[in-house]
J.: 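Dumping the structure here so I can ask a few things about it.
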There are 2 protein chains.
Amino acid sequence: MANYQNNPIDRTFAALADPTRRYVLQRLMDEPDLSVSDLARPLSLKLPGLMKHLDVLSDAGLIRRTKTGRTVQVRLAAEPMQQAMEWLNQYQRFWSASLDQLTAFVEAQEEP
Amino acid sequence: MANYQNNPIDRTFAALADPTRRYVLQRLMDEPDLSVSDLARPLSLKLPGLMKHLDVLSDAGLIRRTKTGRTVQVRLAAEPMQQAMEWLNQYQRFWSASLDQLTAFVEAQEEP
DNA sequence: CGAATACTTCACCATATGGCAAACTATCAA
DNA sequence: TTGATAGTTTGCCATATGGTGAAGTATTCG
């Protein structure tokens, strides 16, 4: 093989390509600082499985883990998504309809 | 293992996770309807290697291939990126600085 | 027709990924 | 201090991915 996701944007997109990992990210949006077992509870995989996903997310810089006592708090660190977003932005001229959607979305965000 | 990218958004992000494939997409933005060998020429891989990448991109719905005679035209089909984009949009509230950037970008696009 | 061109398919390889059970390492509670 | 709890590490496995060379299929050119 060769290179295997070693640049940041590769790792970001690769991390986002798995539904379990996207689920983790979405949960962390709503409930910050969840523990590893809190995250695992609703999932149908064992802890070692989740660990691997968390490693992928950490390597991509999308989460940060801090251990206090015996529990680990997992927190979102969405910075790398910005790059991913910027990369995708280039393609907007190929779907102007959705450009309108995006504009609406951004405007909605700007309102109080 | 399990599920291996079988839903559309998985396939989209997985397709975007490789630099060769992102290169192909970017070239197709600038020069639509390139042939397979045109795409391969500047790359340091053999045709079968590129073929696999094109298969991944097709399966993700990001390109479309049409054969005329013995040459194949590859065209961008960026629709699935919209979904990817929308997914990423959720995270904007985690980086408001770049939200401003995005707003600027969208506004720039809207000007003639 | 015969040969070159433009892909495509096949068989093969090394490494990655996503999952598990089992064993291990804290840390907190009784 | 024993035991439960929270997480990690270590094999191990099956399948995926990204690459190759070699052979196969059309199509076009001379």
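Hydrogens, waters and symmetry mates are skipped; everything else that's a heavy atom, side chains included, is used. These figures come from a predicted structure and were not determined experimentally. Labels below follow one simple rule: chain letters A, B, ... track the order of the sequence lines, proteins then strands, and each chain is numbered from 1.
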J.: So do the side chains of A:Leu62 and A:Leu76 get within less than 4.5 Å of each other, counting heavy atoms only?
T.: no
J.: Of the options D:dT8, C:dG18, C:dT8, whose atoms approach the side-chain atoms of A:Val36 most closely?
T.: D:dT8
J.: In the structure I gave you, are the side-chain heavy atoms of A:Leu28 and A:Tyr23 within less than 4.5 Å of one another anywhere?
T.: no
J.: In whole angstrom, give the distance that lies between atom CG of A:Asp18 and atom C1' of D:dA16.
T.: 13 Å
J.: Just checking, is any N or O donor in the side chain of B:Gln83 or B:Thr12 under 3.5 Å from an acceptor N or O on the other one?
T.: no
J.: Which atom pairs link the protein and nucleotides 26-30 of chain C when you take only N or O atoms and keep those under 3.5 Å?
T.:
{"from": "C:dT27", "atom 1": "O2", "to": "A:Arg70", "atom 2": "NH1", "distance (Å)": "3.3"}

J.: In residues 45-66 of chain B, which residues come under 4.0 Å of DNA chain C by heavy atom?
T.: B:Leu47, B:Pro48, B:Met51
J.: Looking at side-chain heavy atoms only, is the closest gap between A:Leu39 and A:Arg41 below 4.5 Å?
T.: no
J.: Is it the case that the side chain of B:Arg64 and the backbone of B:Ala77 share a donor-acceptor pair, with hydrogens and angles ignored and the cut-off at 3.5 Å?
T.: no
J.: Check for a donor-acceptor pair, side chain of B:Ser35 on one end and backbone N or O of B:Asp38 on the other, with a separation under 3.5 Å.
T.: yes
J.: Is it true that a side-chain atom of B:Arg21 and a backbone atom of B:Ala14 form a donor plus acceptor pair closer than 3.5 Å?
T.: yes
J.: Under 3.5 Å, side chain of A:Arg11 to main-chain N/O of A:Asp59, donor-acceptor pair present?
T.: yes
